Amino acid sequence: MTHPDEEYSHMKALKRHNDMLGFVADAQYGVPTKCPCGGGIIPEVSPCNKFPNDFDTQPGRRYFTCKNFENNGLHFRTPWVIAIQDEVTKLVDRVKEMAEEIDRLKAQLYQLHRP
């Protein structure tokens, strides 16, 4: 039988691990600037096929990858296409918001200068 302190510290370590997995999952939107582990992000190009008939793993596929990448779920390795698509979507939404704000401000300005 294990000591209660050991069980407690093991439980806390598992909770930290699960929390980190949640942080990584929540943060994977757009082009990453920093990995949740604190490591920097480097652009990477896949050198070889992982699976012979899979187009997603063709040589030359680009990724944004954590410098300290380990395949344990706690580091970023985001496909370039998905990150750029997220960024473009975010920018399009922002442009729409700005256009609505400009229209609203024009209407207010028109109300002020109305004879």
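In this text the structure is predicted, and so the values were computed from the model without any measurement. Residue numbers start at 1 and run along the sequence shown.
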Under the side chain to side chain donor-acceptor pair (under 3.5 Å) definition, can you give me all pairs with a residue in residues 98-108, not counting sequence neighbours?
none
Restricting to side-chain contact (heavy atoms from CB on, under 4.5 Å), what partner residues turn up for V95, sequence neighbours left out?
none
K15: which residues meet the side chain to side chain donor-acceptor pair (under 3.5 Å) condition with it, sequence neighbours left out?
D19
Please name all residues satisfying side-chain contact (heavy atoms from CB on, under 4.5 Å) with E97, sequence neighbours left out, ordered by chain then number.
R94
Other than M11, which residues form its hydrophobic cluster under the rule that side-chain heavy atoms must be closer than 4.5 Å?
Y8
Salt bridge (charged side-chain N to carboxylate O under 4.0 Å, His left out) with K90: which residues, sequence neighbours excluded?
E87
Suppose we screen for side chain to side chain donor-acceptor pair (under 3.5 Å). Which residues come up paired with E44, at least two apart in sequence or across chains?
T65, R77
Nearest 0.5 Å, please: how far is CG in D93 from OG1 in T89?
7.0 Å
According to side-chain contact (heavy atoms from CB on, under 4.5 Å), who are the partners of V88, at least two apart in sequence or on a separate chain?
I84, V92
I82: what forms a side-chain contact (heavy atoms from CB on, under 4.5 Å) with it, not counting sequence neighbours?
P79, D86
Interatomic distance, CZ@F64 vs CH2@W80, rounded to 0.5 Å, equals 7.0 Å
If you round to the nearest 0.5 Å, how far is CD1 of I41 from CZ of F69?
10.5 Å
Using every non-hydrogen atom in the two residues, find where N68 and G39 come nearest and quote the distance to one decimal.
ND2-CA, 3.6 Å
With sequence neighbours left out, the residues meeting side chain to side chain donor-acceptor pair (under 3.5 Å) with Q111 are R114
